[in-house]
J.: 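Mind having a look at this structure? Questions to follow.
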Amino acid sequence: MLAGGHWAILGQLLFNIGEKASMPDLKNRLAAMLLLFLLAFSLFAGCSPPPQIMGIDNPDLTAASVHDVTRQRIFIATTRGPSEEPGVLYGPDRSLALLLASVDVTIPPNHVEGQLERPQQLPPDPRKDFTVTNPVTYASDKDVVVEIRRELEKRPREDRKLLLFVHGFNNTSSDATLRLAQFVEDTGFEGVPILFTWASAATASRYVYDLNSTLVAREKVKEIADIMVRSKPESADVFAHSMGAFLTMEGLVDLQQADTLGRRGEIDNIMLAAPDIDLDVFRTQLRQLSPEIRKKMYVLVSKDDKALRLSSRIAGGVPRVGVADTDELEALGVTVIDLSEIDDSASGSHSKFAGSPEVVQLIGLGLNSGHKFGQDNTPAIQKILSTSPIQIFGNGVNLFN
């Protein structure tokens, strides 16, 4: 199995080789791409993925015993089936029911912004590794609503907000939980995070399985939205990455058609990072959403996104939204945040939203400034934009400049 960084390397390898190929026959071209994929995949077959750590504590040095760590409670909604394998909690199999849980995550004192200090062997050392402990499962949505409300009430009113995070392709439940924890830590988000983890196979070669898993999970967006509304936050933000952006858009369309989108609770920002969505499909999805919702939408793109360039090739050359032309996207009524010139991402070109310190700082200022992304034209936002190659197009231009 390839980790996220390996997937990016694989994407670049296939893209570079594929650029040199010249085969007029589609069947031969697809066969060649498959052969190249298997060849590249074999290069990484000997690489061991990091261990799964959901619910794994260190018996000699428990996470609770270390006092100089940062602690987060993350709520989980999932269409993954439960797993009895240690460290997995929820595996790659699909569940037709929405399952609910929470975990406690600790961030080590040596954490570096933009990086994910993940243990490479078990048990984790909470002094230098992220840990995920105390998994609690909930029998009903009523139970999880009570717990989310309790967490919200611990915060001052201005911080009683929810962040729904939807992960992307090739993720385990550990991958997604750790990434959300790191993202919350680095953005300084003060509200309550909720992870929607769908049944990714967490294997680079099972792209189609993952895509179909997002379609299986699509109908559960309504249930998650209902849980969020009943938790009575002051506001909510949505952040989706890669293939998770496709799932999010499909869920938003369902909510719009049910005439409940934005009517039962305040949605501040909908952020789509490196969306792995066919551009024509995205146009169709946007046409079904109200102008008010489109104005809340921010699309993070990067021309050098290796994974999406490969995805575009697999799709027969149809561009993915995350590498599409900024003018074309701006014309669709969304705000485009172009990260193409960002080159300091510790998590590669496909995950700059979490791997680049200046990007996570900008997102954090948006999420935490008056609940409206960029509307408070703060000196801190101005400073990042004045010294950063980040470019913003569309509705956000008036907000940031």
J.: Does T203 reach the main-chain N or O of A201 with its side chain, forming a donor-acceptor pair under 3.5 Å?
T.: yes
J.: Does this structure show an ion pair linking R264 with D226, if we count only N-O contacts that are shorter than 4.0 Å?
T.: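 So R264 pairs with D226 through a salt bridge.
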J.: Kindly say whether the aromatic ring centers of F189 and F183 come within a distance under 6.0 Å.
T.: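 No, ring centres 6.0 Å or more apart.
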J.: Compare all side-chain heavy atoms of K352 with those of L300 and state whether any distance is below 4.5 angstrom.
T.: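 With C-beta onward as the side chain, the pair stays apart.
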J.: Given side chains that start at C-beta, do those of L99 and T137 come closer than 4.5 Å, heavy atoms only?
T.: no
J.: Between L365 and I363, is any pair of side-chain heavy atoms under 4.5 Å apart?
T.: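 Not in contact.
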J.: Hey, are H241 and N171 close enough side-chain-wise for a donor-acceptor pair under 3.5 Å?
T.: no
J.: May I ask you to test the I227-L100 pair for a side-chain heavy-atom distance under 4.5 Å?
T.: yes
J.: Honestly, is R94 close enough over Y209, meaning NZ or CZ under 6.0 Å from the six-membered ring centre and within 45° of the axis?
T.: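 R94 over Y209 ring: yes.
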J.: Are Y207 and F169 an aromatic pair, judged by ring center distance below 6.0 Å?
T.: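 Here the rings of Y207 and F169 have centres that are less than 6.0 Å from each other.
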J.: Do the non-hydrogen side-chain atoms of L329 and D325 ever get within less than 4.5 Å of each other?
T.: no
J.: Quick one about T106 and T131 (side-chain donor to acceptor, distance below 3.5 Å, no hydrogens or angles considered), yes or no?
T.: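 On atom types as modelled, these side chains qualify, holding a pair under 3.5 Å.
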J.: If you apply the rule salt bridge (charged side-chain N to carboxylate O under 4.0 Å, His left out), what do you find for K154 with E151, and how did you get there?
T.: CA-CA 5 Å; K154 293 178 181 178; E151 287 297 316; 3.0 Å; yes
J.: Between F282 and L272, is any pair of side-chain heavy atoms under 4.5 Å apart?
T.: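 A side-chain contact exists here, since the closest heavy-atom pair is under 4.5 Å.
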J.: Mind running salt bridge (charged side-chain N to carboxylate O under 4.0 Å, His left out) on R160 and E153 for me, showing each step along the way?
T.: CA-CA 7 Å; R160 292 176 187 173; E153 289 169 359; over 6 Å; no
J.: Is there a donor in the side chain of D268 and an acceptor in the side chain of S235, or the other way round, less than 3.5 Å apart?
T.: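 Checked: D268/S235 side chains pair up, N/O donor to acceptor below 3.5 Å.
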J.: Measure across P51 and L122 and return the closest heavy-atom pair with its distance rounded to 0.1 Å.
T.: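 P51 and L122 have their closest heavy atoms at CB-CG, 3.8 Å.
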J.: Can you tell whether the side chains of E223 and K220 come within less than 4.0 Å, N to carboxylate O?
T.: yes
J.: Please state whether the rings of F130 and H111 are parallel, tilted or perpendicular, taking 30° and 60° as the class boundaries.
T.: perpendicular
